Number of protein chains: 2
Amino acid sequence: MTATGLPADEDVRTLHQQVLAQLRENILLGRIEPGQALTIRGLAAELGVSAQPVREALRQLVAERALELMDNRRVRIPPMTIERFEDLIAARIVLEAEAAARAMPYVTDDLIARMEAEDAGINKAVAERDYDRWIGANYAFHSMLYGAAGQSAFLPLIESLWLQVGPFLRRAIRTISGHYTVDRHSEALAALRRRDTMALRIAIEADIRDGIAHIGSTLIRSEALGAGAGGGRGPSSASSGRADIVREAV
Amino acid sequence: MTATGLPADEDVRTLHQQVLAQLRENILLGRIEPGQALTIRGLAAELGVSAQPVREALRQLVAERALELMDNRRVRIPPMTIERFEDLIAARIVLEAEAAARAMPYVTDDLIARMEAEDAGINKAVAERDYDRWIGANYAFHSMLYGAAGQSAFLPLIESLWLQVGPFLRRAIRTISGHYTVDRHSEALAALRRRDTMALRIAIEADIRDGIAHIGSTLIRSEALGAGAGGGRGPSSASSGRADIVREAV
DNA sequence: CATACCGCCATGTGATCACATTTTGGCGGA
DNA sequence: TCCGCCAAAATGTGATCACATGGCGGTATG
C-alpha cells in the first residue's frame with residue numbers, strides 16, 4: 001500500500017477490500033504479533049470502519065491461512081512449529097521453482113530490467129536496515145517473475161505461503177541479513193538473461209533456503225514460536241509469557 | 001458430508017461453516033454450473049438461513065479461488081481457459097507429488113489398508129456410474145495420503161486446486177472413465193507397500209495426468225469453458241449461449 | 001420496425017441490533 | 001497467600017435494515 005514495494009492491489013473499491021489489503025500488508029510485513037488475538041470490534045475501531053467489512057476481511061485471511069480460527073472462535077496468527085515451517089518452505093520451493101520455470105517463456109528484457117530495479121531497491125533497503133521495505137520489495141521481486149505469465153493458478157498459492165511465513169520471517173530478519181553473503185537474486189537475474197531455466201530454478205530454490213535457513217534455528221531455540229494462549233496449558237498468563245519468549249528469540 | 005466419501009469437516013459449529021461445507025461440496029462435485037451467478041439472497045433462501053452466513057461462506061470460497069468475484073460484484077465459478085487449466089494441473093502435480101513424498105515416512109500399514117478400502121469404493125463407484133461418489137472418494141483417497149503427516153501447509157493448497165478443477169472435472173468425467181485403462185491408484189498403493197517414494201511420485205503424477213488429460217481436448221473444443229457474461233463481449237445473451245456450449249461439450 | 005431512453009426490481013455492501021458464549025476481574029473462603 | 005467461584009464486560013455470530021449500484025424490461029421515438 002505505502003512505499004513498501006508491495007503491489008498496490010487494484011480493485012479496492014469496497015471497504016472490506018481496503019481492510020483486507022491493509023491487514024494483509026500488516027501480516028506480510030510482520031507488524032502483527034503472532035499469537036495475539038485479533039478482535040473484530042477492535043480492528044473496526046482502529047480502522048474507523050464498522051464491524052462488517054472487518055469480519056469479511058478476517059474470514060478471507062482465515063481462508064488464505066494467514067490467520068487461524070481458534071476453538072474460542074477467536075482469530076490470531078497461527079503459531080509456528082518446526083514441522084509446519086518446514087512444510088511451508090518445502091511448498092514454497094516446489095511452487096516457486098515451478099512457477100519461475102513456467103514464467104521463462106514470457107520473460108522479456110523489460111521484465112528483467114524492472115526486476116533489476118526492484119533488486120536494487122532491495123539492496124538499498126538492506127543497507128538502510130529498512131526491514132519493511134526489504135520484505136515488501138523482496139515479495140515484489142518474486143511475484144513480478146511468477147506473474148510474468150498470466151499464471152492464474154500459482155500466484156495465489158504462493159501468496160498464501162508468503163502470508164504464513166511473513167510474520168516469522170520478520171522476526172528473524174536481522175539474523176538473516178548478517179548471513180546473507182551470496183546474492184541469489186543476482187544469480188536469478190543472470191539465469192534470466194541467459195534464459196537458463198534450470199539455473200533459474202536453482203537460484204530460486206537457493207534464495208528461499210538462504211533467506212530462511214536461519215529461522216529454523218531460531219524456531220528451535222524458542223520451541224513453538226507464537227504458540228499463544230490457545231495451545232498452552234496456562235490459562236491466562238501464557239499469552240504474555242509466550243510473547244516474551246518471542247521477543248527474546250528475536 | 002453425505003455418503004460421497006468427502007471428509008466430514010469437523011468443527012461445523014457455526015452456521016457459516018455449515019454453509020461453507022455444503023457449498024464446497026457442491027462445487028467440488030460439480031453440481032454448480034460454471035458461469036452461473038450465485039446470489040447471496042438466493043442461496044440464503046435455498047439453504048434456509050439468513051444472508052450473513054452465506055456472505056461469509058462466499059467470501060471464503062472466493063479467497064480459495066473456488067469462486068470468482070466479478071466486476072459486477074457478482075460471484076460465480078470462474079470460467080476455465082486452457083492456460084489456467086494447464087497451470088492448475090501443473091500446480092497439482094508438483095504439490096501433490098511433493099506432498100506424497102513427504103508423507104511417506106508416516107505411511108503405516110493401517111493407512112494403506114484404509115486407502116485400499118477407499119480405492120475399492122472408487123472402483124465400485126465407477127462401475128455403478130456414481131459420479132458424485134467417484135469424485136468424492138477420489139479426493140478422499142488423495143487427501144488421506146497427503147494428510148498422513150500432519151501436513152499443515154500442503155493440504156489447504158491442494159484442496160484449493162481441487163475446488164478449482166472440480167466443476168470441470170465432473171463435466172468430462174464420462175470421457176475419462178472410458179479411457180481409464182491403467183489403474184494408477186493400484187500403482188500408487190504398490191509403491192506405498194514397498195515404501196518406494198520415487199515410484200509413488202510417478203504414480204501420483206500419472207494419476208493426475210491420466211484423469212485429466214482428456215479434459216484438455218474438451219476445453220479446446222469449447223474454447224473457453226464456462227466463460228459467462230463477465231468475460232465475453234456479448235452483453236446479455238452470452239450467459240445462456242455459453243451455458244449451451246458447456247452442455248454440448250459434455 | 002429498430003433503437004435508445006427511462007424507470008423498476010434485484011442484488012451487493014455497509015451498519016446496527018440482539019443474543020449466546022467467552023473472557024476477565026474481583027470477592028470470599030480455605 | 002492462594003484457589004475457586006461469580007458477576008460484569010467483551011466478543012463472535014446471526015439477523016435485519018438502509019442505501020447505492022447494476023441489470024432488465026417496457027415504452028416512446030425516429
Side-chain angles (χ1 to χ4, degrees), chain A residues 9 11-23 35-63 67-77 228-243, chain B residues 9 11-23 35-63 67-77 228-243:
Chain A
D9 267 0
D11 42 38
V12 281
R13 302 193 307 164
T14 65
L15 253 186
H16 99 264
Q17 283 170 328
Q18 298 178 32
V19 174
L20 178 62
Q22 189 146 357
L23 286 179
Q36 173 188 0
L38 298 179
T39 66
I40 295 177
R41 287 176 173 88
L43 290 172
E46 192 177 331
L47 300 175
V49 299
S50 96
Q52 186 69 36
V54 177
R55 234 202 286 200
E56 303 186 19
L58 288 183
R59 199 71 65 196
Q60 184 145 353
L61 288 168
V62 167
L67 296 177
E68 178 194 45
L69 186 61
M70 295 188 287
D71 291 340
N72 333 345
R73 298 182 172 178
R74 276 255 168 93
V75 165
R76 66 171 176 184
I77 293 187
R233 295 149 187 78
S236 65
S237 65
S239 176
S240 56
R242 290 290 188 171
Chain B
D9 267 0
D11 42 39
V12 280
R13 302 194 306 165
T14 66
L15 252 185
H16 98 263
Q17 283 171 328
Q18 298 178 32
V19 174
L20 178 63
Q22 189 147 358
L23 286 178
Q36 171 187 359
L38 299 179
T39 66
I40 295 178
R41 286 176 172 86
L43 290 172
E46 190 176 333
L47 300 175
V49 298
S50 95
Q52 186 68 36
V54 176
R55 235 204 285 200
E56 303 186 20
L58 288 183
R59 198 70 66 193
Q60 184 145 354
L61 288 169
V62 167
L67 296 176
E68 178 192 44
L69 186 62
M70 293 189 287
D71 291 338
N72 333 346
R73 298 183 171 177
R74 294 294 276 275
V75 165
R76 66 171 177 183
I77 291 187
R233 294 146 188 81
S236 64
S237 65
S239 178
S240 57
R242 291 289 188 171

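Protein chains get the first letters and strands the later ones, always in sequence-line order, with residue 1 at the start of each. Keep in mind it's a predicted model, so treat the numbers as computed, not measured.
- Straight-line distance from the CD atom of Gln18(A) to the C1' atom of dG14(C): 12 Å, rounded to whole Å.
- A 4.5 Å side-chain heavy-atom check between Met70(B) and Arg76(B) finds at least one atom pair inside the cut-off.
- For Glu46(B), the side chain to side chain donor-acceptor pair (under 3.5 Å) test picks out no residue, with sequence neighbours left out.
- Distance Asp71(A) CG to dA20(C) C1': 17 Å, rounded to the nearest Å.
- Straight-line distance from the CZ atom of Arg73(B) to the P atom of dA10(C): 20 Å, rounded to whole Å.
- Residues from residues 49-60 of chain A that place a heavy atom under 4.0 Å from any atom of DNA chain D, listed by number: Arg55(A), Arg59(A).
- Atom CD in Gln36(B) sits roughly 12 Å away from atom P in dT11(C) (whole-Å rounding).
- Side-chain contact between Leu69(A) and Gln17(B) is present, with at least one heavy-atom pair separated by less than 4.5 Å.
- Of all nucleotides listed (dT13(C), dT13(D), dG14(C)), dG14(C) comes nearest to the side chain of Leu15(A).
- Put simply, the side chain of Gln22(B) reaches to within 4.5 Å of the side chain of Leu47(B), judged on heavy atoms.
- Atom pair Leu69(B):CG and dT21(D):P shows a separation of 17 Å (rounding to whole Å applied).
- Using a 4.5 Å cut-off on side-chain heavy atoms (C-beta onward), Gln60(B) and Glu56(B) make no contact.
- For the pair Leu23(B) and Leu58(B), the minimum side-chain heavy-atom distance is below 4.5 Å.
- Counting to the nearest Å, the C1' atom of dT13(D) and the CD atom of Gln17(B) are 11 Å from each other.
- Atom CZ of Arg74(A) is separated from atom P of dT23(C) by 7 Å (rounded to the nearest Å).
- Looking at heavy atoms from C-beta onward, His16(A) lies out of side-chain contact with Arg55(A) at the 4.5 angstrom threshold.
- Residue contacts shown for Leu43(A) are absent, as no nucleic acid heavy atom lies under 4.0 Å away.
- In this structure, Asn72(B) does not reach the dT11(C) phosphate: none of its side-chain N or O atoms is under 4.0 Å from OP1 or OP2.
- Between the C1' atom of dA20(D) and the NE2 atom of His16(A) lies a distance of 17 Å, rounded to the nearest Å.
- If you check every strand for non-hydrogen atoms under 4.0 Å, Arg41(A) touches a base.
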